[in-house]
Protein chains: 2
Amino acid sequence: MVLRNQVEWALHCCSILAAMPDQEVSTRDLAAFHGVPKEYLSKALQALSRAGLVEGSLGKTGGYRLARKPEAITFLDIVQAVEGKRRSFECSEIRQNNPCLPEDFKVKGVCAVARVMYDADEAWRAHLRSVTLADLGKNLQRDVPVEILADSRQWFVRT
Amino acid sequence: MVLRNQVEWALHCCSILAAMPDQEVSTRDLAAFHGVPKEYLSKALQALSRAGLVEGSLGKTGGYRLARKPEAITFLDIVQAVEGKRRSFECSEIRQNNPCLPEDFKVKGVCAVARVMYDADEAWRAHLRSVTLADLGKNLQRDVPVEILADSRQWFVRT
DNA sequence: GGTATTTTACTCGGATAGTCTATGTCCGAGTGAGTCTGG
DNA sequence: CCAGACTCACTCGGACATAGACTATCCGAGTAAAATACC
């Protein structure tokens with residue numbers, strides 16, 4: 001029940017992309033900056049691309065850029081792109097096995113246990129949906145010294 | 001990022017135990033009622049026992065009963081007992097790898113990305129914490145016909 | 001009939017095995033920009 | 001000088017390998033109640 005580390009990588013990479021709106025950033029640079037294996041990080045970026053959150057371009061000067069404005073991309077978008085949209089709880093309807101149920105009797109509605117779990121899952125999603133990449137950028141400006149933010153952005157600038 | 005099916009089993013079993021306060025229920029009966037493998041279900045019940053949510057007794061007439069009143073056991077208790085207490089997001093501090101950080105410079109505080117994920121996790125936990133086994137029992141009484149509830153309870157009564 | 005022994009049915013825990021998922025590596029095909037070559 | 005060929009660095013996708021987690025299954029030790037044996 002733990003998210004895969006690709007989710008963390010994808011969030012940090014999107015944070016970078018949001019800070020570099022004027023150019024594309026290559027997988028190689030993103031991987032080197034974060035110290036993670038390039039080939040594997042590539043999987044996460046491909047997932048973001050499939051979900052339409054980032055756009056990749058091919059060729060020598062290729063790389064990724066955000067497909068939408070940072071205000072229009074939420075944490076939930078990114079998490080779901082990488083992790084999938086399955087709910088954290090899957091009801092296997094074991095209540096239907098109850099030997100006391102009459103023949104051909106189907107319990108109707110959502111299982112009472114599952115309903116609680118689904119609501120909890122929705123609370124989790126609602127919070128992720130409420131935070132955008134733009135919000136994340138603002139928080140970073142508050143937490144990180146300005147010169148480090150500037151240096152980091154400069155690190156990605158194409159010479 | 002999906003909870004294991006033992007969580008579902010544990011929740012349903014606790015629901016049964018809450019409905020049978022006057023006797024102990026054996027793993028065998030719980031497994032047969034739900035149509036799941038007895039030996040494996042036993043692992044989930046052992047986890048509940050280790051967490052102090054249920055009490056098992058040995059011997060021929062042994063079985064489990066709730067260790068506390070249904071009002072005092074939340075969904076979160078059960079989920080954490082089976083699934084563990086790890087958060088759904090684990091920050092590996094990849095921000096510390098930033099090549100622009102000065103030597104021996106430690107970014108302070110919780111990573112901005114992690115903070116959002118932690119808050120979402122807490123929203124999930126808060127909802128699970130807000131629902132008790134007693135609440136679940138009330139919902140079942142509303143959803144399931146009375147005679148089926150009575151038959152099911154009778155199914156577990158020791159002869 | 002009462003006590004001691006045996007049987008039975010359960011819990012608990014460890015050992016084991018198969019399958020699935022997550023993690024990570026490797027490689028080839030396709031692409032586009034810059035570079036080189038030939039006229 | 002300019003058009004076409006070439007090279008390079010990148011994306012994309014699939015194939016593959018490994019480790020760990022999940023899903024079981026099995027068995028032995030311990031325990032308590034019931035059944036049985038024995039005096």
Side-chain angles (χ1 to χ4, degrees), chain A residues 1-10 13 17 23-32 34-67 79 81-84 86 88-90 92 94 156 158-159, chain B residues 1-10 13 17 23-32 34-67 79 81-84 86 88-90 92 94 156 158-159:
Chain A
M1 167 53 196
V2 177
L3 293 167
R4 59 183 83 173
N5 53 14
Q6 282 194 350
V7 172
E8 182 181 12
W9 302 353
C13 287
L17 294 182
Q23 67 166 65
E24 294 179 330
V25 182
S26 71
T27 305
R28 184 169 60 100
D29 287 349
L30 288 169
H34 292 122
V36 300
K38 173 174 97 71
E39 321 270 359
Y40 191 32
L41 174 63
S42 171
K43 303 289 182 200
L45 296 172
Q46 284 171 38
L48 294 176
S49 175
R50 267 195 303 275
L53 301 179
V54 303
E55 284 167 352
S57 70
L58 299 180
K60 185 175 181 179
T61 59
Y64 287 101
R65 63 169 70 240
L66 290 187
V79 171
V82 175
E83 188 74 21
R86 292 168 70 189
S88 62
F89 181 85
E90 299 194 336
S92 63
I94 65 175
F156 284 101
R158 293 271 165 80
T159 53
Chain B
M1 167 55 197
V2 177
L3 294 167
R4 61 183 82 174
N5 53 14
Q6 283 194 349
V7 172
E8 182 181 12
W9 302 352
C13 286
L17 293 182
Q23 69 165 64
E24 294 179 330
V25 182
S26 71
T27 305
R28 186 170 57 101
D29 286 350
L30 288 170
H34 292 121
V36 301
K38 173 172 98 70
E39 320 270 1
Y40 191 31
L41 173 63
S42 171
K43 303 290 180 198
L45 296 173
Q46 285 172 37
L48 294 176
S49 175
R50 268 194 303 275
L53 301 178
V54 303
E55 283 166 353
S57 69
L58 299 180
K60 186 176 179 178
T61 59
Y64 288 100
R65 64 169 70 239
L66 289 187
V79 170
V82 175
E83 188 73 20
R86 291 168 70 190
S88 63
F89 180 85
E90 298 194 335
S92 62
I94 65 175
F156 284 100
R158 293 270 164 81
T159 53

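The sequence lines fix the lettering, A, B, ..., with proteins before strands; numbering per chain opens at 1.
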Contact between A/L41 and A/K38 at the side-chain level, heavy atoms closer than 4.5 Å - yes or no? no

Look at B/N5 and D/dT23 and indicate whether a side-chain polar atom (N or O) is within less than 4.0 Å of OP1 or OP2. yes

Closest contact, heavy atoms only, A/A31 versus A/P37: CB-C, 4.4 Å

Quick note, A/S26 side chain, CB onward, closest among D/dT23, D/dA32, D/dT11 is D/dT11

A/R158 CZ - D/dA9 P separation (whole Å): 13 Å

By nearest nucleotide on DNA chain D, pick out whichever of A/T61 and B/G59 is the more 5' one. A/T61

Using a heavy-atom cut-off of under 4.0 Å over every strand shown, decide if B/G62 touches base, sugar-phosphate, or nothing. sugar-phosphate

Any A/R28 side-chain nitrogen or oxygen under 4.0 Å from OP1 or OP2 of D/dC10: yes

May I ask you to verify whether the side chain of A/K38 and the base of C/dG24 hold a donor-acceptor pair under 3.5 Å? no

When you check the phosphate oxygens OP1 and OP2 of C/dT11, does a side-chain N or O of B/S42 lie under 4.0 Å from one of them? no

Please state how far atom CD in A/Q46 lies from atom P in D/dC10, giving the value in whole angstrom units. 15 Å

Integer-rounded Å distance: D/dG13 P and A/R50 CZ: 7 Å

Phosphate OP1/OP2 of C/dT11 contacted by B/T27 side-chain N/O (<4.0 Å): yes

Proximity to the side chain of A/K60 - top-ranked nucleotide from D/dG14, D/dG13, C/dG32: C/dG32

Whole angstrom is fine here: how far is it from CG in A/L58 over to C1' in C/dA33? 12 Å

A side-chain contact here means heavy atoms from C-beta on lying under 4.5 Å apart; do B/N5 and A/S92 qualify? no

Please report the distance, rounded to the nearest Å, between CZ in B/F156 and P in C/dC10. 13 Å

Less than 4.0 Å between a side-chain N and a carboxylate O, is that true for A/R65 and A/E24? yes

Return the value, rounded to whole Å, for the distance between atom CD of B/E39 and atom C1' of C/dG14. 13 Å

4.5 Å side-chain heavy-atom contact, A/R4 and A/E83: yes

d(NE2, B/H34; C1', D/dT23) in whole Å: 18 Å

From OH of B/Y40 across to P of C/dG13 the rounded distance in Å is 17 Å

